[in-house]
Amino acid sequence: MTSNWINGIESNSSSGRSAAVFDPALGTESYRVGLSSRTELDLAVSAAKNAFPAWRDASLAKRQQVLFSFRELLNVRKGELAEIITAEHGKVLSDALGEITRGQEIVEFATGIPHLLKGSYTENASTGVDVYEIRQPLGVVGIVSPFNFPAMVPMWFFPLAIAAGNTVVLKPSEKAPGASLWIAKLLKEAGLPDGVFNVVQGDKDAVDALLENPDVASLSFVGSTPIARYVYEKGTANGKRVQALGGAKNHMLVLPDADLELVADSAVNAGFGSAGERCMAISVLVAVEPVADKLIPKIVSRMEQLRTGDGRRGCDMGPLVTREHRDKVASYIEIAAQDGAKVVVDGRTVQPDGEPAGFWLGPTLLDKVPTSSKVYTEEIFGPVLSVVRVASYEAGLELINSGAFGNGTAIFTNDGGAARRFQNEVQVGMVGINVPIPVPVAYYSFGGWKNSLFGDTKAHGTEGVHFFTRGKAVTSRWLDPSHGGINLGFPQN
Ligand code: NAD
């Protein structure tokens with residue numbers, strides 16, 4: 001049983017409700033996670049609220065030291081965390097380590113909090129009057145994370161939240177809850193005071209309780225688009241600051257002059273890494289003709305070399321997270337065939353290096369996918385790469401810009417002018433130029449456009465610092481003998 005972590009103490013939920021956590025490579029239930037009640041969630045919020053005044057007043061140096069210690073401990077022990085992630089999510093161990101490393105970069109960024117919180121100061125804005133701005137923490141902040149990055153997504157938020165002086169209640173995905181408790185214990189070992197970081201396992205009930213608790217100042221959500229929209233609407237209606245990152249359907253535009261060896265490597269890496277269960281995975285390759293017939297055999301030959309299997313056995317690609325998700329993803333292959341696409345590689349026939357009961361689906365390649373098909377319009381979130389052929393750059397751009405999502409995209413070309421035009425014209429929040437998964441580094445901000453992000457503030461980077469703080473502008477005058485007397489007019493300089 002993976003437990004809650006409230007006020008520095010581990011406890012099991014007593015709600016009587018629970019969900020199965022699977023080992024996807026074995027296809028067996030590993031344990032059950034308690035689904036916390038509203039009362040349990042409220043208890044965590046109270047703990048965070050009580051811890052807030054002292055943590056807010058802790059010096060920046062103290063907060064910084066805790067994060068430095070956490071970073072050092074994580075660096076030494078991240079192998080343990082990777083094993084938990086692989087056992088619950090299924091992604092291969094090297095990929096689990098990769099997500100931890102990307103999360104760690106945010107911790108490293110957050111250790112620079114004294115610099116990041118430096119305000120501004122204007123002397124003599126008016127005669128004898130100075131104006132300055134300071135940024136202060138919000139209070140108790142909520143984080144709700146998805147199954148596909150059990151460590152990295154919480155780390156997009158909590159290092160900056162804590163560094164800025166907030167206290168946290170994290171509600172992880174019930175499908176991969178183990179990482180959160182491990183992280184909570186490590187934060188305590190790093191010297192974080194009890195109550196500053198709390199974990200409540202659960203499902204919709206716990207999320208609704210977070211959305212409704214008046215002591216929760218903000219919500220940072222990552223998950224599918226319908227739930228992101230719901231969290232944004234309900235959270236903002238309840239007066240909270242909300243950033244809600246949703247689903248994706250990322251396109252890779254390949255121009256005829258691109259380096260096709262690089263394109264083939266990139267399409268395979270970005271299409272099938274983490275079994276396509278990444279919000280920045282490439283799911284549609286838009287081939288500007290006549291490139292497709294040359295490119296597809298190169299992709300297929302690389303796919304033939306991929307080993308799908310248990311992530312602990314050195315394979316390239318692991319299973320999907322649950323049996324239901326595997327079945328749903330596999331159903332799109334049938335739909336593609338019915339809708340007139342060509343199934344070039346069918347992942348349903350994969351021979352995995354793992355237990356037969358695991359939730360397997362091999363890498364799948366579909367060609368000539370009609371853009372009217374559900375396979376094109378819906379987020380699949382699995383190892384299925386669709387090829388759509390277009391006649392020109394303009395047609396490819398229009399396709400990308402007409403989509404409902406705007407998370408990530410990439411262009412592959414050797415033409416700098418075309419790349420620059422794409423960067424300017426594409427309606428997507430994160431753009432790669434000959435880079436298939438353009439996840440910004442920690443000091444830039446992560447987030448998409450359109451249905452991929454509700455709210456106007458992205459994760460980490462400068463926007464993350466802004467999200468977890470609010471500005472206060474101070475206008476001050478220290479009395480000198482020359483005060484101006486009574487004046488009922490609006491203050492002017
Ligand atoms: P999900 O939306 O099912 O769940 C996300 C979180 O919301 C979980 O903690 C879950 O318990 C909670 N939740 C589920 N149903 C809820 C409901 N009805 N009301 C309130 N809360 C609810 O997403 P998932 O399947 O865990 O993750 C995959 C999705 O996340 C994909 O759509 C993927 O694109 C998206 N994602 C997006 C990003 C991004 O940065 N944009 C990053 C990672 C994942």
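No experiment lies behind these values; they were computed from the predicted model shown. Both ligands and their constituent atoms are indexed starting at 1 by order of listing.
- Protein heavy atom nearest atom 40 (O) of ligand 1, with residue, atom name and distance: F446 CE2, 3.0 Å.
- Nearest heavy atom pair, residue P363 against residue L306, reads CG-CD1, 3.7 Å.
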Evaluate Y332 against D339 for side chain to side chain donor-acceptor pair (under 3.5 Å), listing each step before the verdict. CA-CA 10 Å; Y332 282 101; D339 289 351; over 6 Å; no
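- Note: T409 OG1 to M430 CE = 11.0 Å, rounded to the nearest 0.5 Å.
- Residue contacts with ligand 1, taken as heavy atom pairs separated by less than 4.0 Å, do not involve E277 at all.
- For ligand 1, the atoms sitting less than 4.0 Å from at least one non-hydrogen atom of S173 are 9 (O), numbered in the order shown with element in parentheses.
- The shortest N/O to N/O separation between V207 and ligand 1 does not fall below 3.5 Å.
- With ligand atoms numbered from 1 in the order given, ligand 1 contributes 28 (C), 31 (C), 33 (C), 34 (O) to contacts under 4.0 Å with heavy atoms of F381.
- Considering both main-chain and side-chain atoms, D208 never comes within under 3.5 Å of ligand 1 through any nitrogen or oxygen pair.
- Residue contacts with ligand 1, taken as heavy atom pairs separated by less than 4.0 Å, involve P172 solely via the backbone atoms N, CA, C and O.
- Checked by distance only, ligand 1 and W156 stay at 3.5 Å or farther apart across all their nitrogen or oxygen atoms.
- Considering L365, V344, D265 in turn, L365 is the only one that fulfils the side chain to side chain contact (heavy atoms under 4.5 Å, CB included) rule with I299.
- Residue K171 has at least one heavy-atom neighbour below 4.0 Å for each of these atoms of ligand 1: 8 (C), 9 (O), 10 (C), 11 (O).
- Taking all heavy atoms of N250, I227, N148 into account, the minimum distance to atom 22 (C) of ligand 1 is reached by I227.
- Side-chain atoms of E88 come within 3.5 Å of backbone N or O of G178 as a donor-acceptor pair.
- Of the protein's non-hydrogen atoms, K204 CG, 3.3 Å is the one closest to atom 19 (N) of ligand 1.
- Atom 35 (C) of ligand 1 has its nearest heavy-atom neighbour, among G223, A206, P146, in G223.
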Distance-only criterion, 3.5 Å: show the donor-acceptor pairs between side-chain atoms of residues 154-171 and protein atoms not counting sequence neighbours.
from, atom 1, to, atom 2, distance (Å)
N166, OD1, L138, N, 2.6
N166, OD1, G139, N, 3.1
N166, ND2, A161, O, 2.9
N166, ND2, F468, O, 2.9
T167, OG1, A48, O, 2.8
K171, NZ, G202, O, 2.8

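- Looking at R38 and D205, their side chains never come closer than 4.5 Å, going by heavy atoms from C-beta outward.
- Counting only heavy atoms of the protein, atom 24 (P) of ligand 1 lies nearest to F147 CD2, 3.6 Å.
- Under a 4.0 Å N-O distance rule, the pair E105/R102 qualifies as a salt bridge.
- Atoms of ligand 1 found under 4.0 Å from any heavy atom of V144, numbered from 1 in the order shown, are 6 (C), 7 (O), 9 (O).
- Just one of S14, S180, S36, S13 meets the side-chain hydrogen bond (donor to acceptor under 3.5 Å, both in side chains) condition when paired with N4; it is S36.
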Which atom pairs, donor and acceptor, lie under 3.5 Å between side-chain atoms of residues 380-387 and protein residues at least two apart or in another chain?
none

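- Residue E174 has at least one heavy-atom neighbour below 4.0 Å for each of these atoms of ligand 1: 10 (C), 11 (O).
- Inside a 4.0 Å radius of atom 4 (O) of ligand 1 there is not any protein heavy atom.
- The existence of a salt bridge linking E378 and K328 is excluded, since no basic side-chain nitrogen approaches an acidic carboxylate oxygen closer than 4.0 Å.
- Considering backbone and side-chain N/O atoms, E379 comes within less than 3.5 Å of an N/O atom of ligand 1.
- Note: no N/O pair closer than 3.5 Å links T225 and ligand 1 by distance alone.
- Remark: K234 engages E212 in a salt bridge, criterion side-chain N to carboxylate O under 4.0 Å.
- The pair K91-E277 fails the salt-bridge criterion, with no side-chain N (NZ, NE, NH1 or NH2) lying under 4.0 Å from an Asp/Glu carboxylate O.
- Applying the 4.0 Å criterion to heavy atoms of S224 picks out, from ligand 1, the atoms 1 (P), 2 (O), 23 (O), 29 (C), 30 (O), 32 (O).
- Of the listed residues (C279, S452, G246, A176), the one carrying the non-hydrogen atom nearest atom 41 (N) of ligand 1 is G246.
- Every atom of ligand 1 with a heavy atom of F221 under 4.0 Å away is listed here by number and element: 5 (C), 6 (C), 7 (O).
- Short contacts between ligand 1 and G247, defined as distances under 4.0 Å to a heavy atom of the residue, involve ligand atoms 32 (O), 34 (O).
- With a heavy-atom cut-off of 4.0 Å, N407 touches ligand 1 through its side chain alone.
- Within the 4.0 Å heavy-atom criterion, the part of S145 lying near ligand 1 is the backbone and not the side chain.
- A salt bridge is defined here as a Lys NZ or Arg NE, NH1 or NH2 lying under 4.0 Å from an Asp or Glu carboxylate O, and D367 with R389 meets this definition.
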